[in-house]
Amino acid sequence: MSFFKKSLKGFAWNHLAKLSEYGLTYLIGIIFARLLQPSEYGIYVTVMSIASIAIILGAVGFDETLNKIIPQLRVKNELPQLRYIVSKLFKIRFIVLIIFSLLIYIFRFEIEGLLQTKNISSYISSITIFIVAQGLVNFSVNYLIGNLKTKKVFILNLLLKISTLIISTLLLYYNFGLRNIFLYFGIITSTFFLFYFKEIVNSSAGEKLKTELKSIYKFSFATWGNAILGLVLGRYSVLLILGFYFGVTEQSAYFEIAWALTLVIEYLFAVGFVGVSITLFSELAAEKINELADARSKMMKYHQLFIFPVSLFSIIYSTEIISFLYSPKYLPAAELFKIFLSCNLIAVSIFGSGLNAGVLLSIGKQKIVFVNRAIIGAFSLIANILVIPNHGAIGAITVSGISIIITFASEYFIASKYIGSKYDYVFILKVIIVSIVSLTIVRNVGFDSQFKLFISATFYSTLITLGYYLTKIVNREIKEKLFNLISNG
(Lines give C-alpha, C1' and ligand atoms only; values in the text may rest on other atoms or scores of the structure.)
Protein backbone atom coordinates (compact mmCIF):
# COMPACT_ATOMS: atom_id res chain seq x y z
CA MET A 1 0.00 0.00 0.00
CA SER A 2 1.43 3.42 -0.99
CA PHE A 3 2.24 6.04 1.61
CA PHE A 4 -0.65 8.33 0.71
CA LYS A 5 -3.16 5.54 0.39
CA LYS A 6 -2.14 4.34 3.83
CA SER A 7 -2.03 7.87 5.26
CA LEU A 8 -5.45 8.78 3.88
CA LYS A 9 -7.00 5.57 5.15
CA GLY A 10 -5.50 6.14 8.59
CA PHE A 11 -6.42 9.81 8.41
CA ALA A 12 -10.05 9.10 7.51
CA TRP A 13 -10.73 7.04 10.62
CA ASN A 14 -8.45 9.08 12.87
CA HIS A 15 -10.14 12.24 11.61
CA LEU A 16 -13.54 10.81 12.54
CA ALA A 17 -12.17 9.67 15.91
CA LYS A 18 -10.75 13.10 16.73
CA LEU A 19 -13.82 14.88 15.43
CA SER A 20 -15.99 12.77 17.73
CA GLU A 21 -13.64 13.34 20.66
CA TYR A 22 -13.06 17.07 20.28
CA GLY A 23 -16.46 17.79 18.78
CA LEU A 24 -18.41 16.14 21.57
CA THR A 25 -16.04 17.51 24.22
CA TYR A 26 -16.60 20.96 22.79
CA LEU A 27 -20.35 20.38 22.72
CA ILE A 28 -20.20 19.49 26.42
CA GLY A 29 -18.39 22.79 27.00
CA ILE A 30 -21.06 24.74 25.11
CA ILE A 31 -23.90 23.09 27.04
CA PHE A 32 -22.14 23.65 30.37
CA ALA A 33 -21.46 27.30 29.48
CA ARG A 34 -25.12 27.91 28.63
CA LEU A 35 -26.36 26.19 31.80
CA LEU A 36 -23.81 27.87 34.08
CA GLN A 37 -22.98 31.49 34.77
CA PRO A 38 -19.61 32.72 33.43
CA SER A 39 -18.04 32.59 36.91
CA GLU A 40 -19.24 28.98 37.43
CA TYR A 41 -18.03 27.99 34.00
CA GLY A 42 -14.67 29.51 34.93
CA ILE A 43 -14.47 27.04 37.84
CA TYR A 44 -15.30 24.13 35.51
CA VAL A 45 -12.60 24.99 32.96
CA THR A 46 -10.01 25.67 35.67
CA VAL A 47 -10.54 22.29 37.38
CA MET A 48 -10.42 20.54 33.99
CA SER A 49 -7.19 22.44 33.26
CA ILE A 50 -5.64 21.08 36.45
CA ALA A 51 -6.69 17.58 35.40
CA SER A 52 -5.27 18.08 31.90
CA ILE A 53 -1.93 19.26 33.30
CA ALA A 54 -1.72 16.16 35.50
CA ILE A 55 -2.60 13.88 32.56
CA ILE A 56 0.06 15.45 30.33
CA LEU A 57 2.70 15.26 33.06
CA GLY A 58 1.69 11.65 33.75
CA ALA A 59 2.14 10.71 30.11
CA VAL A 60 5.96 10.80 30.49
CA GLY A 61 6.24 11.31 26.72
CA PHE A 62 5.06 7.76 26.01
CA ASP A 63 2.29 8.76 23.59
CA GLU A 64 4.74 10.11 21.00
CA THR A 65 7.09 7.21 21.74
CA LEU A 66 4.42 4.68 20.78
CA ASN A 67 3.65 6.55 17.57
CA LYS A 68 7.34 6.48 16.65
CA ILE A 69 8.52 2.98 17.65
CA ILE A 70 5.49 0.89 16.69
CA PRO A 71 5.66 1.49 12.91
CA GLN A 72 9.47 1.27 12.90
CA LEU A 73 9.60 -2.05 14.79
CA ARG A 74 6.75 -3.48 12.72
CA VAL A 75 8.61 -2.63 9.52
CA LYS A 76 11.60 -4.59 10.90
CA ASN A 77 9.25 -7.38 12.11
CA GLU A 78 10.59 -7.07 15.67
CA LEU A 79 7.24 -7.86 17.31
CA PRO A 80 8.53 -9.67 20.45
CA GLN A 81 10.65 -6.62 21.30
CA LEU A 82 7.68 -4.35 20.65
CA ARG A 83 5.45 -6.33 23.03
CA TYR A 84 8.08 -6.08 25.78
CA ILE A 85 8.45 -2.31 25.32
CA VAL A 86 4.68 -1.67 25.35
CA SER A 87 4.24 -3.76 28.51
CA LYS A 88 7.04 -1.90 30.29
CA LEU A 89 5.83 1.55 29.27
CA PHE A 90 2.26 0.80 30.34
CA LYS A 91 3.33 -0.18 33.86
CA ILE A 92 5.42 2.96 34.27
CA ARG A 93 2.58 5.12 32.93
CA PHE A 94 0.13 3.67 35.46
CA ILE A 95 2.45 4.27 38.43
CA VAL A 96 3.27 7.86 37.40
CA LEU A 97 -0.42 8.72 36.94
CA ILE A 98 -1.21 7.40 40.43
CA ILE A 99 1.58 9.54 41.90
CA PHE A 100 0.40 12.75 40.21
CA SER A 101 -3.22 12.11 41.25
CA LEU A 102 -2.18 11.60 44.87
CA LEU A 103 -0.09 14.78 44.83
CA ILE A 104 -3.02 16.81 43.54
CA TYR A 105 -5.33 15.33 46.18
CA ILE A 106 -2.83 15.92 49.01
CA PHE A 107 -2.12 19.54 48.01
CA ARG A 108 -5.68 20.47 46.99
CA PHE A 109 -6.03 23.08 49.76
CA GLU A 110 -2.75 24.73 48.78
CA ILE A 111 -4.00 24.90 45.18
CA GLU A 112 -7.23 26.46 46.42
CA GLY A 113 -5.22 29.14 48.21
CA LEU A 114 -3.15 29.94 45.11
CA LEU A 115 -6.27 30.25 42.95
CA GLN A 116 -8.02 32.44 45.54
CA THR A 117 -11.30 30.57 45.01
CA LYS A 118 -13.26 29.23 47.95
CA ASN A 119 -14.24 25.51 47.96
CA ILE A 120 -12.48 24.70 44.68
CA SER A 121 -10.55 22.02 46.64
CA SER A 122 -13.68 19.83 46.78
CA TYR A 123 -13.91 19.90 42.99
CA ILE A 124 -10.21 19.09 42.66
CA SER A 125 -10.54 16.01 44.89
CA SER A 126 -13.41 14.75 42.70
CA ILE A 127 -11.35 14.83 39.50
CA THR A 128 -8.48 12.55 40.62
CA ILE A 129 -10.07 9.31 39.38
CA PHE A 130 -10.61 10.86 35.97
CA ILE A 131 -6.91 11.82 35.78
CA VAL A 132 -5.72 8.21 36.10
CA ALA A 133 -8.41 6.77 33.82
CA GLN A 134 -7.97 9.35 31.04
CA GLY A 135 -4.19 8.99 31.15
CA LEU A 136 -4.50 5.23 30.58
CA VAL A 137 -7.07 5.75 27.83
CA ASN A 138 -4.66 8.13 26.06
CA PHE A 139 -1.92 5.49 26.22
CA SER A 140 -4.25 2.89 24.72
CA VAL A 141 -5.44 5.24 21.98
CA ASN A 142 -1.89 6.02 20.91
CA TYR A 143 -1.02 2.32 20.89
CA LEU A 144 -3.89 1.65 18.50
CA ILE A 145 -3.06 4.70 16.36
CA GLY A 146 0.55 3.52 16.17
CA ASN A 147 -0.80 0.31 14.67
CA LEU A 148 -3.11 2.41 12.42
CA LYS A 149 -6.14 0.74 14.02
CA THR A 150 -7.91 4.07 13.88
CA LYS A 151 -11.33 2.60 13.13
CA LYS A 152 -11.46 1.00 16.59
CA VAL A 153 -10.32 4.26 18.14
CA PHE A 154 -13.17 6.06 16.39
CA ILE A 155 -15.83 3.61 17.62
CA LEU A 156 -14.65 3.58 21.24
CA ASN A 157 -14.10 7.35 21.36
CA LEU A 158 -17.55 7.99 19.96
CA LEU A 159 -19.26 5.76 22.52
CA LEU A 160 -17.26 7.27 25.40
CA LYS A 161 -17.99 10.88 24.45
CA ILE A 162 -21.69 10.30 23.73
CA SER A 163 -22.09 8.61 27.13
CA THR A 164 -20.26 11.47 28.81
CA LEU A 165 -22.30 14.10 26.96
CA ILE A 166 -25.74 12.65 27.74
CA ILE A 167 -25.27 11.74 31.40
CA SER A 168 -23.23 14.79 32.43
CA THR A 169 -25.72 17.14 30.78
CA LEU A 170 -28.59 15.49 32.64
CA LEU A 171 -26.68 15.69 35.92
CA LEU A 172 -26.05 19.38 35.46
CA TYR A 173 -29.59 20.12 34.25
CA TYR A 174 -31.05 18.47 37.36
CA ASN A 175 -28.68 20.39 39.64
CA PHE A 176 -26.43 17.53 40.78
CA GLY A 177 -23.53 19.98 40.79
CA LEU A 178 -20.05 20.03 39.29
CA ARG A 179 -18.57 17.79 41.98
CA ASN A 180 -20.80 14.85 41.00
CA ILE A 181 -20.13 15.53 37.34
CA PHE A 182 -16.37 15.27 37.91
CA LEU A 183 -16.91 11.97 39.73
CA TYR A 184 -18.98 10.70 36.81
CA PHE A 185 -16.18 11.64 34.40
CA GLY A 186 -13.87 9.33 36.34
CA ILE A 187 -16.33 6.43 36.46
CA ILE A 188 -17.30 6.44 32.78
CA THR A 189 -13.70 6.90 31.59
CA SER A 190 -12.53 4.02 33.81
CA THR A 191 -15.24 1.80 32.36
CA PHE A 192 -14.22 2.51 28.78
CA PHE A 193 -10.56 2.01 29.59
CA LEU A 194 -11.35 -1.67 30.15
CA PHE A 195 -12.42 -1.93 26.50
CA TYR A 196 -9.22 -0.24 25.36
CA PHE A 197 -7.15 -2.47 27.62
CA LYS A 198 -8.77 -5.53 26.07
CA GLU A 199 -7.67 -4.31 22.63
CA ILE A 200 -4.09 -3.88 23.85
CA VAL A 201 -4.04 -7.36 25.39
CA ASN A 202 -5.41 -8.96 22.23
CA SER A 203 -3.03 -7.04 19.95
CA SER A 204 0.09 -7.66 22.03
CA ALA A 205 -0.48 -11.34 22.81
CA GLY A 206 2.56 -13.48 22.07
CA GLU A 207 6.23 -13.82 22.92
CA LYS A 208 7.98 -10.92 24.63
CA LEU A 209 11.71 -10.43 24.10
CA LYS A 210 13.62 -8.27 26.57
CA THR A 211 15.34 -5.40 24.82
CA GLU A 212 17.41 -2.33 25.65
CA LEU A 213 15.18 0.58 26.69
CA LYS A 214 17.75 3.34 27.13
CA SER A 215 17.09 4.93 23.73
CA ILE A 216 13.32 4.58 24.28
CA TYR A 217 13.50 6.39 27.62
CA LYS A 218 15.76 9.03 26.12
CA PHE A 219 13.25 9.78 23.38
CA SER A 220 10.34 9.68 25.84
CA PHE A 221 11.94 12.15 28.25
CA ALA A 222 12.78 14.50 25.39
CA THR A 223 9.18 14.49 24.13
CA TRP A 224 7.98 14.74 27.74
CA GLY A 225 10.03 17.89 28.05
CA ASN A 226 8.36 19.19 24.90
CA ALA A 227 4.97 18.40 26.41
CA ILE A 228 5.86 20.29 29.59
CA LEU A 229 6.93 23.24 27.48
CA GLY A 230 3.65 22.88 25.60
CA LEU A 231 1.90 23.38 28.92
CA VAL A 232 3.74 26.66 29.36
CA LEU A 233 2.66 27.71 25.85
CA GLY A 234 -0.82 26.24 26.24
CA ARG A 235 -4.04 27.45 27.75
CA TYR A 236 -3.93 25.37 30.95
CA SER A 237 -0.99 27.23 32.49
CA VAL A 238 -2.43 30.58 31.39
CA LEU A 239 -5.74 29.79 33.08
CA LEU A 240 -3.84 29.07 36.31
CA ILE A 241 -1.92 32.36 36.01
CA LEU A 242 -5.22 34.19 35.50
CA GLY A 243 -6.57 32.44 38.59
CA PHE A 244 -3.49 33.38 40.60
CA TYR A 245 -3.86 37.09 39.83
CA PHE A 246 -7.65 37.49 39.69
CA GLY A 247 -9.11 34.31 41.20
CA VAL A 248 -11.28 32.02 39.07
CA THR A 249 -13.65 34.57 37.48
CA GLU A 250 -15.44 35.34 34.22
CA GLN A 251 -12.08 36.12 32.63
CA SER A 252 -11.16 32.44 32.84
CA ALA A 253 -14.38 31.55 31.03
CA TYR A 254 -13.82 34.12 28.25
CA PHE A 255 -10.24 32.99 27.73
CA GLU A 256 -11.25 29.31 27.54
CA ILE A 257 -14.04 30.01 25.03
CA ALA A 258 -11.71 31.95 22.72
CA TRP A 259 -9.02 29.25 22.84
CA ALA A 260 -11.39 26.27 22.56
CA LEU A 261 -13.37 27.69 19.63
CA THR A 262 -10.14 28.42 17.75
CA LEU A 263 -9.00 24.83 18.25
CA VAL A 264 -12.35 23.49 17.05
CA ILE A 265 -11.93 25.33 13.75
CA GLU A 266 -8.44 23.89 13.35
CA TYR A 267 -9.36 20.37 14.44
CA LEU A 268 -12.42 20.30 12.21
CA PHE A 269 -10.13 19.83 9.21
CA ALA A 270 -6.56 19.27 10.38
CA VAL A 271 -6.65 17.01 13.40
CA GLY A 272 -6.59 13.71 11.51
CA PHE A 273 -3.33 14.44 9.73
CA VAL A 274 -1.69 15.86 12.82
CA GLY A 275 -2.79 12.83 14.83
CA VAL A 276 -1.12 10.30 12.54
CA SER A 277 1.75 12.49 11.31
CA ILE A 278 4.43 11.09 13.64
CA THR A 279 3.49 7.51 12.74
CA LEU A 280 3.45 8.19 9.00
CA PHE A 281 6.55 10.42 8.96
CA SER A 282 8.43 7.83 11.03
CA GLU A 283 7.65 5.16 8.47
CA LEU A 284 8.93 7.41 5.65
CA ALA A 285 12.01 8.32 7.71
CA ALA A 286 12.81 4.62 8.05
CA GLU A 287 12.29 3.73 4.38
CA LYS A 288 12.04 6.80 2.08
CA ILE A 289 13.40 9.83 3.94
CA ASN A 290 13.81 11.79 0.70
CA GLU A 291 9.99 11.87 0.35
CA LEU A 292 9.37 13.67 3.67
CA ALA A 293 9.36 17.17 2.18
CA ASP A 294 6.81 16.21 -0.45
CA ALA A 295 4.61 14.48 2.15
CA ARG A 296 4.66 17.54 4.41
CA SER A 297 3.87 19.86 1.51
CA LYS A 298 0.81 17.86 0.46
CA MET A 299 -0.49 17.70 4.04
CA MET A 300 -0.05 21.46 4.39
CA LYS A 301 -2.09 22.03 1.22
CA TYR A 302 -4.98 20.19 2.80
CA HIS A 303 -4.76 22.50 5.83
CA GLN A 304 -4.60 25.60 3.66
CA LEU A 305 -7.47 24.56 1.41
CA PHE A 306 -10.01 24.51 4.25
CA ILE A 307 -8.63 26.20 7.37
CA PHE A 308 -7.73 29.57 5.84
CA PRO A 309 -11.19 30.43 4.39
CA VAL A 310 -13.04 29.09 7.43
CA SER A 311 -10.81 31.01 9.86
CA LEU A 312 -11.13 34.23 7.87
CA PHE A 313 -14.93 34.02 7.90
CA SER A 314 -14.97 33.23 11.64
CA ILE A 315 -12.79 36.26 12.45
CA ILE A 316 -15.16 38.66 10.68
CA TYR A 317 -18.28 37.05 12.16
CA SER A 318 -16.83 36.41 15.63
CA THR A 319 -19.56 38.29 17.51
CA GLU A 320 -22.38 36.42 15.78
CA ILE A 321 -20.67 33.05 16.31
CA ILE A 322 -20.06 33.57 20.05
CA SER A 323 -23.59 34.85 20.60
CA PHE A 324 -25.13 31.91 18.74
CA LEU A 325 -23.04 29.17 20.37
CA TYR A 326 -22.68 30.43 23.95
CA SER A 327 -25.40 33.08 24.31
CA PRO A 328 -24.94 36.88 24.56
CA LYS A 329 -23.67 36.68 28.16
CA TYR A 330 -20.31 35.52 26.74
CA LEU A 331 -19.94 38.29 24.12
CA PRO A 332 -16.79 39.69 25.82
CA ALA A 333 -15.05 36.53 24.57
CA ALA A 334 -15.52 37.60 20.93
CA GLU A 335 -12.61 40.04 20.96
CA LEU A 336 -10.29 37.39 22.47
CA PHE A 337 -11.49 34.86 19.90
CA LYS A 338 -10.76 37.26 17.04
CA ILE A 339 -7.19 37.88 18.25
CA PHE A 340 -6.30 34.25 18.89
CA LEU A 341 -7.88 32.90 15.70
CA SER A 342 -5.94 35.46 13.64
CA CYS A 343 -2.69 34.20 15.14
CA ASN A 344 -3.68 30.57 14.70
CA LEU A 345 -4.63 31.19 11.06
CA ILE A 346 -1.03 32.22 10.38
CA ALA A 347 0.48 29.40 12.44
CA VAL A 348 -1.59 26.63 10.84
CA SER A 349 -2.26 27.78 7.28
CA ILE A 350 1.14 29.32 6.58
CA PHE A 351 3.49 27.20 8.71
CA GLY A 352 1.71 23.84 9.01
CA SER A 353 0.97 23.70 12.74
CA GLY A 354 2.37 20.58 14.46
CA LEU A 355 3.34 18.78 11.24
CA ASN A 356 6.90 20.11 11.45
CA ALA A 357 7.42 18.86 14.99
CA GLY A 358 6.22 15.47 13.70
CA VAL A 359 8.86 15.59 10.95
CA LEU A 360 11.65 16.49 13.38
CA LEU A 361 10.65 13.79 15.88
CA SER A 362 10.52 11.18 13.11
CA ILE A 363 14.12 11.89 12.04
CA GLY A 364 15.46 11.86 15.61
CA LYS A 365 15.71 15.63 16.14
CA GLN A 366 13.66 15.71 19.33
CA LYS A 367 16.37 17.69 21.16
CA ILE A 368 16.05 20.52 18.65
CA VAL A 369 12.28 20.63 19.17
CA PHE A 370 12.82 20.69 22.93
CA VAL A 371 15.40 23.50 22.91
CA ASN A 372 13.36 25.59 20.48
CA ARG A 373 10.19 25.27 22.53
CA ALA A 374 12.11 25.86 25.76
CA ILE A 375 13.28 29.24 24.54
CA ILE A 376 9.83 30.23 23.26
CA GLY A 377 8.17 28.80 26.37
CA ALA A 378 10.38 30.92 28.62
CA PHE A 379 9.48 34.00 26.58
CA SER A 380 5.77 33.15 26.79
CA LEU A 381 5.82 32.52 30.55
CA ILE A 382 7.68 35.73 31.34
CA ALA A 383 5.48 37.76 28.99
CA ASN A 384 2.28 36.37 30.52
CA ILE A 385 3.47 37.09 34.05
CA LEU A 386 4.23 40.69 33.05
CA VAL A 387 1.17 41.30 30.85
CA ILE A 388 -1.70 39.52 32.66
CA PRO A 389 -1.78 41.70 35.84
CA ASN A 390 -2.48 44.82 33.75
CA HIS A 391 -4.37 43.44 30.75
CA GLY A 392 -6.05 40.28 32.06
CA ALA A 393 -7.45 37.73 29.61
CA ILE A 394 -6.97 39.86 26.48
CA GLY A 395 -3.27 40.23 27.27
CA ALA A 396 -2.96 36.50 27.92
CA ILE A 397 -4.61 35.53 24.62
CA THR A 398 -2.38 37.97 22.68
CA VAL A 399 0.84 36.63 24.19
CA SER A 400 -0.31 33.07 23.61
CA GLY A 401 -1.16 33.74 19.96
CA ILE A 402 2.20 35.37 19.21
CA SER A 403 4.01 32.50 20.92
CA ILE A 404 2.20 29.94 18.78
CA ILE A 405 3.16 31.76 15.57
CA ILE A 406 6.82 31.90 16.61
CA THR A 407 6.80 28.22 17.61
CA PHE A 408 5.35 26.82 14.40
CA ALA A 409 7.25 29.21 12.13
CA SER A 410 10.60 28.30 13.69
CA GLU A 411 9.79 24.57 13.52
CA TYR A 412 8.90 24.89 9.84
CA PHE A 413 12.24 26.53 8.95
CA ILE A 414 14.21 24.09 11.12
CA ALA A 415 12.50 21.07 9.55
CA SER A 416 13.07 22.51 6.07
CA LYS A 417 16.79 22.69 6.82
CA TYR A 418 16.86 18.88 7.13
CA ILE A 419 14.30 17.69 4.56
CA GLY A 420 13.98 20.60 2.12
CA SER A 421 11.03 22.91 1.59
CA LYS A 422 8.87 22.31 -1.52
CA TYR A 423 6.54 25.10 -0.33
CA ASP A 424 3.84 25.85 -2.91
CA TYR A 425 3.57 29.66 -2.75
CA VAL A 426 1.22 29.85 -5.73
CA PHE A 427 -1.23 27.49 -4.04
CA ILE A 428 -1.52 29.43 -0.78
CA LEU A 429 -1.65 32.76 -2.66
CA LYS A 430 -4.65 31.51 -4.65
CA VAL A 431 -6.37 30.37 -1.45
CA ILE A 432 -5.81 33.79 0.18
CA ILE A 433 -7.10 35.74 -2.84
CA VAL A 434 -10.20 33.57 -3.32
CA SER A 435 -11.02 33.78 0.42
CA ILE A 436 -10.65 37.57 0.64
CA VAL A 437 -12.63 38.23 -2.55
CA SER A 438 -15.43 35.86 -1.47
CA LEU A 439 -15.69 37.40 2.00
CA THR A 440 -15.70 40.95 0.55
CA ILE A 441 -18.65 40.05 -1.68
CA VAL A 442 -20.56 38.51 1.25
CA ARG A 443 -20.00 41.57 3.44
CA ASN A 444 -21.06 43.99 0.69
CA VAL A 445 -24.29 42.06 0.05
CA GLY A 446 -25.08 42.53 3.75
CA PHE A 447 -27.75 39.96 4.60
CA ASP A 448 -30.24 41.36 7.11
CA SER A 449 -32.10 38.49 8.73
CA GLN A 450 -32.32 36.50 11.95
CA PHE A 451 -30.56 33.78 9.94
CA LYS A 452 -27.78 36.16 8.87
CA LEU A 453 -24.96 33.91 10.07
CA PHE A 454 -26.24 30.80 8.27
CA ILE A 455 -27.09 32.62 5.04
CA SER A 456 -23.73 34.39 4.99
CA ALA A 457 -21.85 31.13 5.66
CA THR A 458 -23.74 29.32 2.89
CA PHE A 459 -23.16 32.11 0.37
CA TYR A 460 -19.49 32.32 1.36
CA SER A 461 -19.01 28.55 0.94
CA THR A 462 -20.59 28.74 -2.51
CA LEU A 463 -18.28 31.57 -3.55
CA ILE A 464 -15.23 29.74 -2.20
CA THR A 465 -16.16 26.61 -4.17
CA LEU A 466 -16.70 28.66 -7.32
CA GLY A 467 -13.43 30.53 -6.77
CA TYR A 468 -11.47 27.31 -6.32
CA TYR A 469 -13.00 25.97 -9.52
CA LEU A 470 -12.26 29.08 -11.58
CA THR A 471 -8.66 29.34 -10.35
CA LYS A 472 -8.19 25.56 -10.72
CA ILE A 473 -6.82 25.49 -7.22
CA VAL A 474 -8.26 22.02 -6.59
CA ASN A 475 -5.92 20.36 -9.06
CA ARG A 476 -5.67 16.68 -9.88
CA GLU A 477 -3.41 16.03 -6.91
CA ILE A 478 -5.90 17.47 -4.41
CA LYS A 479 -8.90 15.89 -6.15
CA GLU A 480 -7.30 12.44 -5.94
CA LYS A 481 -6.42 12.97 -2.29
CA LEU A 482 -9.97 14.00 -1.35
CA PHE A 483 -11.48 11.19 -3.46
CA ASN A 484 -9.30 8.60 -1.72
CA LEU A 485 -10.11 10.16 1.65
CA ILE A 486 -13.83 9.66 1.04
CA SER A 487 -13.56 6.19 -0.51
CA ASN A 488 -11.19 4.86 2.17
CA GLY A 489 -13.25 6.46 4.97
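Ring centroids of Tyr196 and Phe193 are separated by 6.0 Å or more, keeping the two rings apart. Annotation: Phe324 is in aromatic contact with Phe454 [ring centroid separation under 6.0 Å]. In summary, the aromatic rings of Tyr143 and Phe139 are positioned with their centroids too far apart to meet the 6.0 Å limit.
Nearest heavy atoms, Ile53 versus Ser237: CD1-N, 4.4 Å. Contact detail for Leu360 and Tyr418: the closest heavy-atom pair is CD2-CD1, 4.2 Å. Closest non-hydrogen pair, Phe337 versus Ser314, comes out as CE2-O, 3.7 Å. The two residues Ala357 and Glu411 have their closest heavy-atom pair at CB-OE1, 3.7 Å. Between Gly135 and Ile55, the closest heavy-atom pair is CA-CG2, 4.1 Å. Here the closest heavy-atom approach between residue Gly42 and residue Ser252 is recorded as CA-CB, 4.2 Å.
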Evaluate side-chain contact (heavy atoms from CB on, under 4.5 Å) for Glu256 paired with Met48, printing each intermediate quantity in order.
-> CA-CA 11 Å; Glu256 168 65 18; Met48 291 303 295; over 6 Å; no
Please test His303 against Ser349 for side-chain contact (heavy atoms from CB on, under 4.5 Å), starting from the C-alpha separation and ending with a verdict.
-> CA-CA 6 Å; His303 290 178; Ser349 297; 5.9 Å; no
Given the rule in the side-chain contact (heavy atoms from CB on, under 4.5 Å) test, do Ser403 and Phe379 qualify, once you have shown the distances and angles that lead to the verdict?
-> CA-CA 8 Å; Ser403 299; Phe379 156 78; 3.7 Å; yes
side-chain contact (heavy atoms from CB on, under 4.5 Å) assessment of Ser416 paired with Tyr412 | CA-CA 6 Å; Ser416 297; Tyr412 173 81; 3.5 Å; yes
Could you go through the ring pair (Phe, Tyr, Trp, His ring centres under 6.0 Å) check for Tyr423 and Tyr425 one step at a time?
-> CA-CA 6 Å; Tyr423 196 98; Tyr425 295 98; 4.7 Å; yes
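Two residues are said to be in side-chain contact when any heavy atoms from C-beta on lie closer than 4.5 Å; Leu336 and Thr398 fail this criterion. The shortest distance between side-chain heavy atoms of Leu172 and Leu36 falls below 4.5 Å. Residues Tyr41 and Ile257 form a side-chain contact, since some pair of their non-hydrogen atoms from C-beta on lies under 4.5 Å apart. Residues Tyr317 and Arg443 form a side-chain contact, since some pair of their non-hydrogen atoms from C-beta on lies under 4.5 Å apart. You'll find the side chain of Tyr460 reaches within 4.5 Å of the side chain of Leu312, heavy atoms only. With a 4.5 Å cut-off on side-chain heavy atoms, Val86 and Ile69 do not count as touching. Residues Val137 and Leu156 are not in side-chain contact: their nearest non-hydrogen atoms beyond the backbone lie 4.5 Å or more apart. For the pair Ile315/Leu345, a side-chain contact is recorded, criterion being any heavy-atom separation below 4.5 Å from C-beta on.
The distance from atom CG of Asn157 to atom OG1 of Thr25, rounded to the nearest 0.5 Å, is 8.5 Å. Atoms CG and CG, from Leu325 and Leu27 in turn, are 10.0 Å apart once rounded to the nearest 0.5 Å. To the nearest 0.5 Å, atom OG1 of residue Thr471 and atom CG of residue Leu466 are 9.0 Å apart. Rounded to the nearest 0.5 Å, atoms CD1 (Ile188) and CD1 (Ile166) are 10.0 Å apart. Expressed to the nearest 0.5 Å, how far OH of Tyr254 lies from CD of Glu335 amounts to 13.5 Å. To the nearest 0.5 Å, the span separating CZ on Arg373 from CD1 on Ile406 amounts to 13.5 Å.
A donor-acceptor pair under 3.5 Å is absent between the side-chain atoms of Lys422 and the main chain of Arg296, judged by distance alone. At least one donor-acceptor pair under 3.5 Å links the side chain of Thr440 to the backbone N or O of Ile436. Between the side chain of Glu40 and the main chain of Gln37, a donor-acceptor pair closer than 3.5 Å is present. Remark: the backbone N or O of Leu57 is paired with a side-chain donor or acceptor of Trp224 at under 3.5 angstrom. The main-chain N or O of Thr407 is found under 3.5 Å from a side-chain atom of Ser410 such that the two form a donor-acceptor pair.
No more than 12 heavy-atom neighbours from other residues, nucleotides or ligands sit within 6.0 angstrom of CZ on Phe195.
Under 3.5 Å, the side chains of Asn344 and Thr262 contain no donor-acceptor pair of N or O atoms. Residues Ser220 and Thr65 have side chains that bring a donor and an acceptor to within less than 3.5 angstrom of each other.
Cation-pi geometry between Arg235 and Phe340 is not satisfied (NZ or CZ under 6.0 Å from the ring centre, within 45° of the ring normal).
Of the charged side-chain nitrogens involved, none lies within less than 4.0 Å of a carboxylate oxygen, so that Asp424 and Lys430 do not count as a salt-bridged pair.
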